[in-house]
Amino acid sequence: MTKFRNTWVEINLDRLAHNIGVIRKTSEKSVFAVIKANAYGHGDIEVARFLESLQVSYLCVSSLDEAIHLRNHHTTTPIIVLGYTEPEYLNEAIDRNVTCVVPSKEWLVKSLSLNDSLANLTLHIKVDTGMNRAGIKTIEEFKEVLQLCKLNKLNIEGLYTHLSSSNFTDGAITSQQITSFQEFIDSADVNFKWVHTSNSDASLSLGELDKHSNAVRCGIAMYGYSTFDSGLQPVLSMYCGINQIKNLKPGDQVSYSATYEATNDETIAILPIGYADGLDRKLQGFNFYIKEVPCEVVGRVCMDLMMIRVPVGTTLDDVVEIIGKNSDAVVMAEYLQTISYEILTSVSPRITKRYFINGAHHKTINERFD
Ligand SMILES: Cc1ncc(COP(=O)(O)O)c(C=O)c1O
């Protein structure tokens, strides 16, 4: 049952466990599981619950909102907000036992001035080693931040940086970033409980180069994808049923702006899925599958519907594979000239999720109802 609409994703948590095993074995480090953006479209609550059973060391989200959502659903594992936390809301982080990040001296000064005490807040310091996104860029600023932390008796639990190009097989940029990170570490007179550098691709490829860290922050590899072939297994697949089947004559046109015209007698199926479900409007021409047979997307993708050309004999009982064993998120990403991350994080919460554990159906969730 897919909650009244015949469109669903299947989330295979056995595969998630397998991928965590691969990451642990390859990196030989603790896993900080990145479950921001609704666990890359896989549903943060169920994924968090399952990851807790695998005893990951931290759950990583991008905002305090995402962290509070997890805590409201009884997640007890340490949670870190990797993104920016507004200094005026740090009391919420303290109340919910959520770790925050120091991205700059300016942030720390403002946070100290706005809050009576931050003694109960757990913090990780983020240093910018070349990506020029968030983080402390100079050793001078880093030392000032450490000094302020010491003066105010703050609980600095961790130090980290983020790599910009760990997907490159030529590791020149990564090596530079790691050298820079080592300089930050050497300049600090502090024993951090956690030091973390690698995202998915780095955790599967850096080996000894990441020897200064004791944890990896992995997202996409957990969900089954990496630039480096490591035997990962995609966790999410997407399917829908068929609402209606229609025969076209040569010259019949399909969907908005009539961008597809039948050249022969053709059969099309109308599917209960569209761009509001996370499927890109540019998917015209891409193939979905029915019983291993490719079926081309014809005409513009609509908000809630789209059309595919189907073989004669297709029935309303057939299931359409949108993401699955014939064509995974990378295949769709390449067609759309994007990355698997965007395909997965685009999966709309309005699509029902069916979770599987130990090869059996575990739970069906639709965020509108559950
Ligand atoms: C700071 C940080 N660490 C780790 C990750 C996880 O990256 P990946 O999904 O490539 O493992 C992200 C993702 O965007 C991130 O922003």
Side-chain angles (χ1 to χ4, degrees), residues 15-16 19-24 26-27 29-42 44 47-48 51 56-64 66-67 78-85 98-104 107 123-137 158-169 171 173-174 177-178 181 184 194-206 210 213-230 232-236 328-330 333 338-347:
R15 289 176 161 217
L16 188 68
N19 297 336
I20 292 278
V22 170
I23 294 163
R24 280 184 166 142
T26 313
S27 69
K29 297 190 194 333
S30 299
V31 173
F32 285 17
V34 181
I35 59 165
K36 58 185 180 164
N38 203 18
Y40 290 37
H42 294 65
D44 55 359
V47 168
L51 288 168
V56 298
S57 302
Y58 247 106
L59 297 169
C60 307
V61 295
S62 73
S63 65
L64 194 50
E66 289 184 338
I79 300 175
I80 180 168
V81 175
L82 293 176
Y84 188 81
T85 304
V98 169
T99 301
C100 294
V101 166
V102 182
S104 65
W107 179 91
L123 291 163
H124 287 210
I125 299 177
K126 167 125 189 224
V127 294
D128 173 11
T129 52
M131 185 155 168
N132 284 311
R133 207 171 64 169
I136 295 166
K137 199 169 157 64
L159 176 68
Y160 79 105
T161 192
H162 191 46
L163 301 172
S164 71
S165 309
S166 59
N167 57 323
F168 290 3
T169 35
I173 295 176
T174 300
Q177 283 197 259
I178 286 187
F181 192 39
F184 277 99
W194 293 112
V195 177
H196 41 116
T197 310
S198 289
N199 58 358
S200 292
D201 279 344
S203 72
L204 297 172
S205 64
L206 285 192
D210 189 13
S213 303
N214 57 0
V216 290
R217 295 183 314 274
C218 287
I220 200 76
M222 236 174 26
Y223 307 109
Y225 297 95
S226 166
T227 311
F228 300 96
D229 182 8
S230 318
L232 300 170
Q233 300 173 351
V235 171
L236 179 144
D328 66 16
V330 167
T338 182
I339 50 177
S340 56
Y341 299 67
E342 191 177 352
I343 303 297
L344 296 173
T345 56
S346 297
V347 174

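Every number for a ligand or one of its atoms is a count from 1 in the order of the listing.
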Consider side-chain hydrogen bond (donor to acceptor under 3.5 Å, both in side chains). Of N19, N199, T26, D201, which one does S226 pass it with?
D201
Of S203, S198, S205, S166, which is the lone residue that meets side-chain hydrogen bond (donor to acceptor under 3.5 Å, both in side chains) with D210?
S198
I want to check something: taking the side chain as every heavy atom from C-beta on, are H196 and H124 in contact at a cut-off of under 4.5 Å?
yes
Identify the two heavy atoms, one from A221 and one from L204, that lie closest to each other, and give their separation to 0.1 Å.
CB-CD1, 4.0 Å
Heavy atoms only: give me the nearest A37-T345 pair and the separation to one decimal.
CB-CG2, 4.0 Å
Could you check whether S340 and Y223, counting side-chain N and O atoms only, form a donor-acceptor pair closer than 3.5 Å?
no
Counting each atom of ligand 1 from 1 as listed, which ones have a heavy atom of R133 under 4.0 Å away?
16 (O)
Could you tell me which atoms of ligand 1, counted from 1 in the order shown, lie closer than 4.0 angstrom to a heavy atom of Y40?
6 (C), 7 (O), 8 (P), 9 (O), 13 (C)
For Y341 and Y40, take the angle between the two ring planes, folded into 0 to 90°, and tell me which bin it lands in: parallel under 30, tilted 30 to 60, perpendicular over 60.
tilted
Heavy atom of the protein closest to [atom] (residue, atom name, distance):
{"atom": "atom 14 (O) of ligand 1", "value": "K36 NZ, 2.8 Å"}
{"atom": "atom 4 (C) of ligand 1", "value": "R217 NE, 3.5 Å"}
{"atom": "atom 10 (O) of ligand 1", "value": "Y341 OH, 2.6 Å"}
{"atom": "atom 11 (O) of ligand 1", "value": "S200 OG, 2.5 Å"}

Return a yes/no value for K126: is any of its N or O atoms, backbone included, closer than 3.5 angstrom to an N or O of ligand 1?
no
Answer yes or no: does an N/O atom from L82 fall short of 3.5 Å to an N/O atom of ligand 1?
no
Against ligand 1, does Y223 come closer than 4.0 Å with any heavy atom?
no
Is I220 touching ligand 1 with its side chain, its backbone, both, or neither, if touching means heavy atoms under 4.0 Å apart?
both
Ligand 1-proximal atoms of C218, by part, heavy-atom distance under 4.0 Å:
backbone
Is atom CG of D229 surrounded by more than 12 heavy atoms (other residues, nucleotides or ligands) closer than 6.0 Å?
no
For atom 1 (C) of ligand 1, which candidate among H162, H196, M131, M222 holds the nearest heavy atom?
H162
